[in-house]
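The structure presented is a predicted model; accordingly, all values stated were derived computationally and were not measured. Start at 1 and go down the list; that is how both ligands and their atoms are numbered.
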Amino acid sequence: MRVGMLTGGGDCPGLNAVIRAVVRKGEVGYGDSFVGFLDGWEGVMDNRSTDLDVERCRGILPRGGTILGTSRTNPYKVDGGVARCLATLRSQRIDALVAIGGDDTLGVAHRLSGEGVAVVGVPKTIDNDLSATEVTFGFHTAVQIATDAIDRLHTTAESHDRVIVCEVMGRNAGWIATYAGIAGGAAEILVPEEPFDIDVICAKLKNRHAKGRFASIVVVAEGAVPADGSLTLASAELDQFGHPRLGGIANVLAGEIEKRTGFETRVTLLGHVQRGGSPTAFDRILATRFGIAAIDAVHDGDFSTMVALQADKIVRVPLSEAVSVAKQVDPDLLHGVAEVFWG
Ligand code: F6P
């Protein structure tokens with residue numbers, strides 16, 4: 001078969017491991033040839049591609065990013081975008097497409113499957129907010145990076161007896177904040193799922209510091225919002241999928257904490273450091289399993305599906321299910337585990 005592949009949305013450690021696995025199993029196991037579309041759906045729209053084979057994929061397993069490039073382009077938001085995608089797939093004689101991405105990229109894949117495109121999805125996002133899979137690759141790498149950073153923030157915060165607000169990624173869900181906060185011993189974790197009350201946070205910090213020299217690390221997900229509108233957040237620019245470009249809640253929060261408590265407070269925004277660099281062993285293995293399962297699904301003719309991890313087995317779920325609901329942080333994890341160590 002002639003199989004097209006693309007990576008869309010924010011990049012994520014492990015994308016290259018998926019590409020390598022799809023190509024390896026496809027070429028050696030099934031005799032497939034591959035076309036790699038560049039920069040996500042943009043490359044499909046513009047018919048920009050590169051040949052992919054086992055030789056081209058040598059050495060990419062531990063490399064972060066994606067050799068195919070990525071973008072947040074949405075063909076459904078571009079005049080004639082969908083027709084251009086279909087024309088490219090026809091002219092390139094693509095029998096099946098493997099789309100590697102988060103809810104946006106897979107949402108487009110799902111809509112294109114309604115136009116007759118034979119597509120299999122592979123879930124990707126450091127945010128871990130796709131509902132049909134227990135975990136996405138890239139998440140564990142991001143959590144490890146954030147945890148390492150929090151460990152470092154602890155020693156400097158302790159030396160100065162300061163509060164440090166550490167902002168991590170997580171637009172709609174606070175998985176990175178919760179995991180890294182638990183692993184790093186955060187004094188407070190703020191997530192998008194539960195709007196925060198600045199008065200409550202400051203009271204808890206005062207209580208904690210009243211007991212002696214207690215440096216505090218407050219971990220906040222970039223998508224966290226204040227409960228009562230008491231803090232004003234600048235409105236953000238939107239991308240083609242309608243998502244705001246976030247980043248900066250920690251600055252607002254830190255200023256407010258310092259003003260209300262009198263504790264010296266500093267800010268660290270981890271930003272794209274969390275998405276860069278080499279995937280952890282866990283993410284390399286998950287990405288490899290997903291890649292092999294995706295090309296197997298192509299050869300089973302099991303299209304309009306996404307590969308997913310459930311009970312440590314790789315399964316196939318309908319794409320419609322994969323993109324329907326964002327997976328939110330389990331309140332039991334946040335309150336039953338993380339909160340035991342707050343205040
Ligand atoms: O891919 C998800 C994500 O990492 C979010 O956590 C974050 O809000 C967003 O991407 C940042 O996107 P960009 O790199 O386009 O600024």
Same cluster for Phe137 and Ile126 if Ile/Leu/Val/Met/Phe/Trp/Tyr side chains link at under 4.5 Å?
yes
Counting each atom of ligand 1 from 1 as listed, which ones have a heavy atom of Gly170 under 4.0 Å away?
6 (O)
At a 4.0 Å threshold, what atoms of ligand 1 neighbour a non-hydrogen atom of His272?
13 (P), 14 (O), 16 (O)
Going by side chain to side chain contact (heavy atoms under 4.5 Å, CB included), name the residues that satisfy it together with Lys259, two or more places apart in sequence or in a different chain.
Glu256
Arg275 to ligand 1: N or O pair under 3.5 Å?
yes
Taking salt bridge (charged side-chain N to carboxylate O under 4.0 Å, His left out) as the cut-off, I'd like each qualifying pair that reaches into residues 301-322, sequence neighbours left out, listed once.
Arg289-Asp312, Asp300-Arg316, Asp302-Arg316
At a non-hydrogen distance cut-off of under 4.0 Å, which region of Glu222 contacts ligand 1 (side chain, backbone, both, or neither)?
side chain
For the pair Asp199 and Arg260, find out whether any cationic side-chain nitrogen is under 4.0 Å from an anionic carboxylate oxygen.
yes
